[in-house]
Chemist: 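Can you read through this structure? Questions will come right after.
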Amino acid sequence: MSGEEEENAAELKIGDEFLKAKCLMNCEVSLILEHKYEQLQQMSEDPMNQMSQVFEKSLQYVKRFSRYKNPDSVRQVREILSRYQLAEFELCVLGNLCPETVEEGIAMVPSIKNRGRALDDEAIEKMLNDLSLVKKFE
């Protein structure tokens with residue numbers, strides 16, 4: 001993205017580096033950090049050995065704000081959102097915030113309506129309903 005163009009997440013003008021980057025939802029980061037935490041605990045000979053404060057705070061944060069806890073649910077959420085040709089940024093915002101209505105979804109991620117995709121209100125509603133079913137049966 002050129003220095004003259006202003007970034008605007010609502011229009012998905014977030015820079016080429018970010019558009020091409022693989023983003024993770026909080027629930028995915030939580031699973032990764034939990035696995036690492038378990039590994040570190042098993043390898044530690046000293047029970048007093050503490051994780052770094054940054055690691056602990058990061059783990060606490062993603063656990064607190066993860067909408068999905070079950071690894072199968074996390075996988076399903078990514079699969080559902082991937083069906084709609086969303087940018088990684090959009091996918092993660094929707095997966096993290098879990099809007100309940102089409103209006104909330106568009107307010108949180110305006111670019112899902114503005115990018116010229118075939119995401120009409122019915123498609124957005126189906127996507128959000130599919131996400132709520134995953135949460136309901138988790």
Side-chain angles (χ1 to χ4, degrees):
M1 177 170 258
S2 71
E4 297 172 17
E5 241 182 291
E6 189 171 324
E7 293 184 4
N8 183 346
E11 297 174 9
L12 209 58
K13 292 180 181 177
I14 53 178
D16 289 338
E17 307 83 25
F18 197 64
L19 276 174
K20 294 174 187 172
K22 176 75 172 176
C23 299
L24 296 174
M25 294 178 287
N26 289 336
C27 54
E28 293 170 314
V29 175
S30 178
L31 291 175
I32 292 167
L33 293 182
E34 292 234 14
H35 180 71
K36 183 65 174 173
Y37 179 79
E38 290 169 9
Q39 285 180 328
L40 292 171
Q41 290 298 316
Q42 290 174 356
M43 294 185 330
S44 177
E45 294 177 17
D46 179 10
M48 300 305 285
N49 186 11
Q50 297 291 322
M51 307 296 135
S52 76
Q53 195 172 21
V54 171
F55 182 92
E56 286 183 43
K57 296 275 185 197
S58 299
L59 180 57
Q60 288 172 3
Y61 176 88
V62 292
K63 283 172 112 177
R64 180 175 181 203
F65 292 106
S66 291
R67 300 293 180 135
Y68 306 93
K69 311 290 184 208
N70 179 317
D72 289 332
S73 297
V74 173
R75 182 186 46 74
Q76 286 179 323
V77 167
R78 183 162 282 276
E79 285 175 5
I80 289 167
L81 292 171
S82 295
R83 291 180 205 148
Y84 293 90
Q85 298 139 4
L86 300 170
E88 285 285 318
F89 169 76
E90 296 168 318
L91 185 149
C92 289
V93 170
L94 292 170
N96 284 338
L97 300 178
C98 302
E100 294 180 6
T101 66
V102 172
E103 293 78 21
E104 284 179 358
I106 293 169
M108 291 175 187
V109 187
S111 58
I112 63 174
K113 199 71 169 162
N114 300 339
R115 283 193 62 212
R117 284 181 293 233
L119 281 183
D120 57 11
D121 287 356
E122 291 85 25
I124 296 169
E125 185 172 8
K126 178 169 178 9
M127 175 178 60
L128 299 179
N129 287 339
D130 290 348
L131 290 179
S132 68
L133 283 174
V134 171
K135 184 66 178 157
K136 182 178 180 180
F137 292 110
E138 183 176 43

Chemist: Do L81 and L133 belong together in a cluster built from hydrophobic side chains that touch within less than 4.5 Å?
Modeler: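 No, separate clusters.
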Chemist: How close do R78 and L24 get, heavy atom to heavy atom, and via which atoms?
Modeler: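 That closest heavy-atom pairing would be NH2-CA, 4.0 Å.
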Chemist: Evaluate the side-chain proximity of S82 to L86: yes if any heavy-atom separation is below 4.5 Å, no if none is.
Modeler: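 No - every pair of side-chain heavy atoms lies 4.5 Å or more apart.
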Chemist: Report the C-alpha separation of V29 and I32 in whole Å, then their side-chain angles, then the decisive distance to 0.1 Å, and conclude whether the side chain to side chain contact (heavy atoms under 4.5 Å, CB included) test is met.
Modeler: CA-CA 5 Å; V29 175; I32 292 167; 5.6 Å; no
Chemist: So, using side-chain contact (heavy atoms from CB on, under 4.5 Å) as the criterion, who are the partners of V102 when residues are at least two apart?
Modeler: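 So V102 forms a side-chain contact (heavy atoms from CB on, under 4.5 Å) with I106, D121, I124, E125.
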Chemist: So V77 and R67, do their side chains get closer than 4.5 Å, heavy atoms only?
Modeler: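 The answer is no; the side chains never approach within 4.5 Å.
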Chemist: Between atom CD1 of I80 and atom CG of L128, what is the distance when rounded to the nearest 0.5 Å?
Modeler: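 I80 CD1 to L128 CG: 10.5 Å, rounded to 0.5 Å.
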Chemist: Would you find a donor on one side and an acceptor on the other, under 3.5 Å apart, between the side chain of E38 and the backbone of H35?
Modeler: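 Such a contact is absent between E38 side chain and H35 backbone.
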Chemist: Please determine whether the number of non-hydrogen atoms from other residues, nucleotides or ligands lying under 6.0 Å from atom CZ of F65 exceeds 12.
Modeler: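 Enclosed: over 12 neighbouring heavy atoms sit under 6.0 Å from CZ of F65.
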Chemist: Atom SG of C98 and atom CD of E104: how far apart are they, to the nearest 0.5 Å?
Modeler: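 Interatomic distance, C98 SG to E104 CD, rounded to 0.5 Å: 10.5 Å.
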Chemist: Run the salt bridge (Lys or Arg N to Asp or Glu O under 4.0 Å) test on E138 and K69 for me, step by step, so that the C-alpha distance in whole Å, both residues' side-chain angles and the decisive distance to 0.1 Å come before the verdict.
Modeler: CA-CA 8 Å; E138 183 176 43; K69 311 290 184 208; over 6 Å; no
Chemist: Looking at CD of E122 and CE of M127, how far apart are the two atoms once the value is rounded to the nearest 0.5 Å?
Modeler: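 Going from CD on E122 over to CE on M127, the span is 12.5 Å.
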Chemist: Please check if the number of heavy atoms outside Q39 that lie under 6.0 Å from its CD is greater than 12.
Modeler: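 Yes, enclosed.
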Chemist: Which one of D130, L131, V134 satisfies the side chain to side chain contact (heavy atoms under 4.5 Å, CB included) criterion with Q76?
Modeler: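 It is V134; the other options fail the test.
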Chemist: Does the ring of F55 carry K36 above it, NZ/CZ under 6.0 angstrom from centre and within 45° of its axis?
Modeler: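 No, a cation-pi geometry is absent between K36 and F55.
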Chemist: Compare every heavy atom of M25 with every heavy atom of G95, then report the nearest pair and how far apart it is.
Modeler: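 So the minimum-distance heavy-atom pair works out to CA-SD, 3.5 Å.
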Chemist: Report the C-alpha separation of E79 and R75 in whole Å, then their side-chain angles, then the decisive distance to 0.1 Å, and conclude whether the salt bridge (Lys or Arg N to Asp or Glu O under 4.0 Å) test is met.
Modeler: CA-CA 6 Å; E79 285 175 5; R75 182 186 46 74; 3.0 Å; yes
Chemist: Name the one of C92, P71, S73, S66 that satisfies side chain to side chain contact (heavy atoms under 4.5 Å, CB included) with C27?
Modeler: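 It is S66; the other options fail the test.
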Chemist: Without swapping roles, check the side chain of E88 against the backbone of C23 for a donor-acceptor pair under 3.5 Å.
Modeler: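 Side chain of E88 to backbone of C23: a pair is present.
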Chemist: Which residue in the set N96, V74, L33 passes side chain to side chain contact (heavy atoms under 4.5 Å, CB included) when paired with E28?
Modeler: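 Of N96, V74, L33, side chain to side chain contact (heavy atoms under 4.5 Å, CB included) with E28 is met by V74 alone.
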Chemist: Using 0.5 Å steps for rounding, measure from the CD atom of Q53 to the CD atom of E56.
Modeler: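 Output value for this atom pair is 7.5 Å.
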Chemist: Side chains of E100 and S132: donor-acceptor distance under 3.5 Å anywhere?
Modeler: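 On atom types as modelled, these side chains do not qualify, holding no pair under 3.5 Å.
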Chemist: Do Y61 and N26 have side chains that approach each other closer than 4.5 Å (heavy atoms only, starting at C-beta)?
Modeler: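 Y61 reaches N26 side chain to side chain.
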Chemist: Do S30 and Y68 come within less than 4.5 Å of each other through their side chains, counting heavy atoms only?
Modeler: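 The answer is no; the side chains never approach within 4.5 Å.
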Chemist: Is L59 close to E34 at the side-chain level, that is, under 4.5 Å between some pair of heavy atoms?
Modeler: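 Counting from C-beta outward, E34 and L59 do come under 4.5 Å.
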